[in-house]
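Since the structure is predicted, the reported quantities are computational estimates derived from the model, not experimental observations. Within every chain, numbering begins at 1; the chains are lettered A, B, ... in the order of the sequence lines, protein sequences first and strands thereafter.
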2 protein chains.
Amino acid sequence: MAERRAAPEKKAAGRAAIGYAKPRSYEELRAVLSSGTVHFPKRLRQVAIFLWQHPGEVALGTIGRVAEQAGVQPSTLVRFAQIFGYSGFSDFQALFKEHVKASWPEGRREGAEQPDPAESDPNVHLVKGLAAAAQAALARLGESFEPSRFERMAEILAGADLIYLVGSKRAFPVTAYLSVTLLQQGVRSVLVDNVGSSAHDQIGCVGPRDAVLAVSFSPYNSITPDLVAIAHERGARIVAITDSTFSPLVPLAEMWLEVVEAEFAGFRSLSASLAVGMALAHAVSARRGRVSG
Amino acid sequence: MAERRAAPEKKAAGRAAIGYAKPRSYEELRAVLSSGTVHFPKRLRQVAIFLWQHPGEVALGTIGRVAEQAGVQPSTLVRFAQIFGYSGFSDFQALFKEHVKASWPEGRREGAEQPDPAESDPNVHLVKGLAAAAQAALARLGESFEPSRFERMAEILAGADLIYLVGSKRAFPVTAYLSVTLLQQGVRSVLVDNVGSSAHDQIGCVGPRDAVLAVSFSPYNSITPDLVAIAHERGARIVAITDSTFSPLVPLAEMWLEVVEAEFAGFRSLSASLAVGMALAHAVSARRGRVSG
DNA sequence: CCGATTCTGGAAAAGGACTTCGAAAATCCC
DNA sequence: GGGATTTTCGAAGTCCTTTTCCAGAATCGG
């Protein structure tokens, strides 16, 4: 197979220009195909057209089936894939599989969209409203996320001897889930849950080598700031997840992240906080793994 | 990937064992699985749950990959397929392929998606991925929500003397938030939190006028089913939020809702469950207000 | 019109996926 | 508690899929 560069003055005769980098995604492949700069001979063009029109068949079928439907020999498909730099059809097919898989769970739109008459049902309205609010909060999270601050928080937590998780009322589910997750990942942590009103005593045991992750949302009338203040006095490193710069946690914390939750019908979602929390857990566990592994 | 024809005279092994005709479509399979009349041993149940929750993976993957993701041996998948009367996994897989292919409209044209340059930061990727997964789960929730079942659950809970909230591990944050919310709304409830290992004693106090709201996700290896079973014996009304028809809570519950959470990097979101939980809390409180006000 | 190059088709080899099977483990039942 | 049954595991075997390869056909250029 002789190498030839895309000749500028050539009429792009015959041979497809292999000057193209191997497409790494289905979208890239489509872009290349639609650019029109590649001129294929008859059979290969047939292949390109079929791929374009029936990506699902390509993803789900065998080379034999695809070849049959496209009206070519299996070996033609292999050659086509190799022109784009793949080792063979299997490699090439993975692109399609990935694409279909990626758009499967969420892209499931079955049947025609009917204007839902049940929308007037107050329950449906409530659930959809709560879901929409949570989605909005998650979308904002994706936009306003600050990687460098997140990074610092993860570093602080990963460097701690023991991680204390503090959060009450609304914030408690977040710390509770964090506790479950961190323990599953083998990261030692203490959930300050105030069982037996022992929260002050629990937090009274923190030392300079420990870290506290505090979660709190407005109104800031819980005992969380008190507990964090104690930990602060004892020299622990403090990081926080909260919903405004006016939170009493902010002056105490070495680093903090702002996560604004959405509200609907008086109920606040926790989705964004949970997502950040999970990401933190993962980041901490990853750093720990590196150190102790 | 080997695609092989059904051998004509194979011994139709387990088929008689459960007496089900071979499902001819994916929908039929789902119907049989959800009928709840089939009782699988542990590994086969694991398979059923995975098939239920990840049809895309089954359709696109090889037997090896699917087995790995489901946490079983490849041969287990073959046995599962044969129980339903198929000659092997390939035959069975064709069902899934067809289903995926059918719900892939050919004329799909997606807009140009530019990859965010900051996306390469692993932290950003993680947070955005978790957020996207949660959003997907919430979107699904909006589509598959069943108002009538929700209504019944709210009625049951509203009519109860005392509401017991049961959930452990991952599910605990959901019940915890429910507890906070219900108490705020003036609805009497008990969070069964197993502090002091007193969960069995707590649940031992339920009576026929009480209701239990249980939350559990796969793998169903927590103590939640045990506790619910006790409550069931004592005549309490049971409702559940869980993620498949194979949950041990389903046979115990008078009414249940399926909420499938999304997963990313091994972390499951709780967004959809929390949204449903909040909606339930609101609905219950609204009904109570009507009665007692 | 003829030579050189490229493209195509088909068969054989290589590779991998699926299936089968028997022993070990777990579970059930008396 | 012990035997019988069911279930699971793991590896060997079989078959299909994929790839490679080359001769013949088609096309391009002179």
Closer than 3.5 angstrom, by distance alone: can the side chain of B:Q53 be matched with the main-chain N or O of B:E261 as a donor-acceptor pair? no

Query raised in the report: Distance check: side-chain N/O of B:S90 vs OP1/OP2 of C:dT19, anything under 4.0 Å?
Result: yes

B:F40 CZ to D:dT6 P, in whole Å, measures 17 Å

Atom CZ of B:R45 and atom C1' of D:dT8 are separated, to the nearest Å, by 17 Å

Per atom distances to the B:S75 side chain, the nearest of D:dT20, D:dG10, D:dT19 is D:dG10

Considering only heavy side-chain atoms of B:R79, the closest of C:dC18, C:dC7, D:dT8 is D:dT8

Side chains of B:S216 and B:T242: donor-acceptor distance under 3.5 Å anywhere? no

What orientation do A:Y86 and A:F92 show, parallel under 30°, tilted 30 to 60°, or perpendicular over 60°?
perpendicular

Separation of D:dT7 atom C1' from B:R43 atom CZ, nearest Å, is 10 Å

Looking only at C:dC18, D:dT8, C:dG9, the nucleotide nearest the B:K42 side chain is D:dT8

Whole-Å distance, A:Q82 CD to D:dT18 C1', equals 11 Å

B:Q73 CD to C:dA25 C1', in whole Å, measures 13 Å

note: A:F89, atom CZ; C:dG16, atom P; distance rounded to Å ~ 17 Å

Atom CZ of B:F80 and atom C1' of D:dC9 are separated, to the nearest Å, by 18 Å

Here the distance between atom P of D:dT17 and atom CZ of A:F92, to the nearest Å, is 20 Å

Taking D:dT19, C:dT19, C:dG9 as options, the one with an atom nearest any side-chain atom of A:V78 is D:dT19

**Request:** Check the angle between the aromatic planes of B:Y26 and B:H99 and answer parallel, tilted or perpendicular using the 30° and 60° thresholds.
**Result:** parallel

